[in-house]
Amino acid sequence: MTAPPAPADVCIVGTGAAGLTLAARCAAFGLEVLVLEAGGARLEPAVQDAYAGDVADARVHWPPDTYRIRALGGTTSLWGGRSIPFDPIDFEQRDWVAHSGWPIGYDDVAPYYPSAMEAAEAGAFDHTPSAPIVPGLDGEWLHTTIERFSRPTDFWTRYGKQLTAAPNVRVLTHAPVTAVRLAADGNSVDHLAVRAPDGSDWQVRARHYVLAAGGLETARLLLASDDVQPDGVGNTGGWLGRGYMCHLAATFGMAHFTGAPRSIGFDYERDAEGIYIRRRIAPTPEAQRALRLLNGTARLHIRDANDPAHGDPVLSLMFLAAFAVKYEYSRGAREADRSLGPYLRHIANIARHPLQLANFVRTWGVKRYLASRRIPSIALPSRDNRYPLEFVSEQSPNWDSRVQLTSARDALGMRRLLVDWRVASADFDSARATYRLMRDELARTGTGTLTYDEDALKDALLDAGAYGGHHSGTTRMSATPRDGVVDRDCRVHGVAGLYVASAAVTPTSSQANPTLTAIALALRLADHLKEQCR
């Protein structure tokens with residue numbers, strides 16, 4: 001194509017989970033859809049470089065070009081597939097959570113979760129556990145919840161053929177958007193500035209524009225579009241790029257259960273459709289209100305694979321094979337002590353248990369690499385009924401946690417990002433209180449003990465850093481422009497026809513990975529656009 005594409009009903013920027021699900025839904029409604037992808041069919045280093053930037057504290061946040069892929073399917077090619085809805089309490093105004101409260105409620109999003117589960121290939125919208133994770137522990141204060149898993153699904157594999165075959169859809173690759181150009185009065189979009197595949201600059205127009213480029217890049221694009229609105233598009237209240245959340249997480253503390261080892265729900269289950277499911281333990285909504293907790297959860301984890309004292313051949317193999325695993329999932333093992341002494345002890349673990357390791361490799365290889373639906377991770381039974389806890393908590397919205405532009409520029413001339421992720425003291429207080437609750441309930445119910453060093457919890461959470469690619473909140477949803485960037489319909493405040501489909505719009509981050517809710521909000525947006533295009 002040597003000229004800009006003809007105007008469409010909807011122009012979608014980005015081909016991740018939200019963008020492609022939105023495109024498929026809009027196409028099914030009969031709308032003319034244009035999809036712009038900055039990359040190509042697969043990751044290209046020169047293209048990926050646009051995601052590079054700075055972090056204010058490298059200890060607590062990954063480099064901005066990790067956990068993001070600039071290619072068809074976006075970061076779903078890295079996605080682990082965990083598909084969990086937000087909880088009703090997450091949408092509420094909570095006086096103990098700063099800047100909480102959505103302009104919509106759980107009931108506005110819930111009707112879209114079943115279709116979001118279908119889009120993610122994660123099975124039924126049924127998150128009822130088959131049994132307690134620890135018999136006798138569930139009650140007023142703690143309860144068992146579950147997480148369901150996608151294949152995991154690469155959304156370009158899921159929707160690519162369907163979209164490229166549709167007569168009312170055009171997908172353009174190597175077409176990065178470099179700016180949102182507003183009309184002179186700032187109340188509508190005149191065009192998107194796009195660097196065409198041939199290197200020329202296009203002005204792309206549509207009736208409606210949707211930015212679905214992820215929690216970091218969407219904010220970057222709006223901040224960079226400062227020719228009409230000097231602080232960036234949608235930044236009337238100053239929230240653009242602020243309120244940046246991921247999740248707090250750490251593998252911390254050791255639970256020792258008193259019940260029969262076979263009764264502990266540490267392992268993956270599969271439902272009638274073959275969907276992988278795993279149980280978790282979490283404070284009840286009543287406990288959150290009574291104790292003023294952030295929403296959080298804990299999974300039963302494997303022992304630290306980096307420490308050869310575990311004596312387990314499987315864990316030792318994980319340590320030795322770290323460099324064969326994607327960086328995003330092996331950084332801890334890569335940065336562990338890899339001197340000769342630990343190496344020899346890991347090799348000795350393998351040498352002592354060759355049959356156990358051979359059996360694991362055989363079954364794991366089938367479940368992980370040969371099956372169409374992959375087992376999400378390694379779950380090993382504990383010989384002594386002791387399990388580390390993998391704790392995950394929402395992060396409260398924080399004005400000082402933000403992304404902003406630097407003076408450095410990428411090859412397209414766009415200013416690069418500086419990521420300044422910060423954690424409020426209330427978040428650490430909530431984590432400590434949640435651990436105390438789990439410890440006390442295990443003791444009260446006689447189901448086990450939980451040992452940990454409370455003074456070390458803050459450092460453990462900071463060492464784990466911002467959890468993966470859960471980039472949320474940078475274009476938060478709000479009732480008024482003063483309190484956020486987009487309205488209840490995900491439209492940028494004050495700008496007709498400009499929307500965001502991304503976890504960037506979530507005002508709070510829940511205990512859940514944001515992907516499923518981002519998909520649900522994209523489906524809801526599609527219904528809104530259908531009405532707008534009548």
Side-chain angles (χ1 to χ4, degrees), residues 54-64 66-67 96-98 244-256 280-283 291-310 315 318-319 322 327-339 342 386-402 418-440 442 449-473 509 511 513:
D54 296 322
V55 293
D57 186 348
R59 173 193 176 193
V60 301
H61 197 285
W62 297 67
T66 56
Y67 277 109
W96 66 96
V97 181
Y244 173 47
M245 302 170 290
C246 291
H247 282 101
L248 291 177
T251 301
F252 186 80
M254 183 68 70
H256 184 195
R280 312 172 299 165
I281 190 167
L291 301 178
R292 303 172 70 82
L293 304 176
L294 293 167
N295 201 352
T297 187
R299 311 176 185 105
L300 303 186
H301 203 55
I302 57 177
R303 298 289 179 89
D304 180 8
N306 301 330
D307 181 2
H310 52 63
L315 297 179
M318 289 173 57
F319 171 85
Y327 174 79
E328 286 81 356
Y329 296 105
S330 63
R331 185 177 73 165
R334 292 178 185 220
E335 296 177 356
D337 182 0
R338 306 189 75 85
S339 61
R386 297 175 188 267
Y387 291 90
L389 293 187
E390 182 188 8
F391 175 70
V392 178
S393 169
E394 74 172 311
Q395 178 187 0
S396 60
N398 182 349
W399 171 268
D400 293 322
S401 183
R402 65 184 299 196
L418 168 65
V419 179
D420 187 1
W421 181 74
R422 300 191 189 185
V423 183
S425 60
D427 298 3
F428 297 119
D429 292 341
S430 175
R432 295 186 191 101
T434 301
Y435 264 83
R436 288 195 293 269
L437 174 62
M438 293 188 292
R439 179 198 63 196
D440 294 348
L442 282 166
T449 60
L450 175 60
T451 57
Y452 64 95
D453 179 1
E454 184 170 295
D455 292 338
L457 179 55
K458 178 178 178 179
D459 281 341
L461 292 167
L462 289 175
D463 287 340
Y467 194 58
H470 301 184
H471 311 133
S472 307
S509 57
Q511 46 71 35
N513 299 47

Any side-chain heavy-atom pair of S393 and Q511 under 4.5 Å: no
Heavy-atom check, side chain of W421 versus side chain of V60, under 4.5 Å: yes
Provide the closest heavy-atom pair for [X] versus [Y] in the form atom of the first, atom of the second, distance.
| X | Y | result |
| --- | --- | --- |
| N398 | A424 | ND2-N, 3.9 Å |
| A250 | A460 | CB-O, 3.7 Å |
| L450 | G253 | CD1-C, 4.2 Å |
| H61 | C246 | NE2-SG, 4.4 Å |
| M438 | A298 | SD-CB, 3.9 Å |
| P63 | V55 | CA-CG1, 4.3 Å |

Using modelled atom types only, decide if a donor and an acceptor are shared between the side chain of [X] and the backbone of [Y] within a distance under 3.5 Å.
| X | Y | answer |
| --- | --- | --- |
| S401 | Y244 | yes |
| T434 | S430 | yes |
| S472 | H470 | yes |

Sole candidate of L294, V392, L462, L461 that passes side chain to side chain contact (heavy atoms under 4.5 Å, CB included) when paired with L248: L461
Straight-line distance of [X] [atom1] to [Y] [atom2], nearest 0.5 Å:
| X | Y | atom1 | atom2 | result |
| --- | --- | --- | --- | --- |
| L389 | T251 | CG | OG1 | 9.0 Å |
| Q395 | S509 | CD | OG | 6.5 Å |
| H301 | E390 | NE2 | CD | 5.0 Å |
| L442 | I281 | CG | CD1 | 6.0 Å |
| D453 | T451 | CG | OG1 | 10.5 Å |
| D429 | K458 | CG | NZ | 9.5 Å |

Would you mind checking if [Y] and [X] are paired as a salt bridge, meaning a charged N to carboxylate O distance below 4.0 Å?
| X | Y | answer |
| --- | --- | --- |
| D459 | R59 | yes |
| R436 | E454 | yes |
| R402 | D400 | no |

Pair D54-V419, side chain to side chain contact (heavy atoms under 4.5 Å, CB included): steps then yes or no: CA-CA 6 Å; D54 296 322; V419 179; over 6 Å; no
Aromatic plane relationship, F252 with Y435 - under 30° parallel, 30 to 60° tilted, over 60° perpendicular: perpendicular
Evaluation steps, side chain to side chain contact (heavy atoms under 4.5 Å, CB included), between L437 and L293: CA-CA 10 Å; L437 174 62; L293 304 176; 4.1 Å; yes
Test side chain to side chain contact (heavy atoms under 4.5 Å, CB included) applied to Y387 and H256, step by step: CA-CA 7 Å; Y387 291 90; H256 184 195; over 6 Å; no
Centroid-centroid distance, H247 to F391, less than 6.0 Å: no
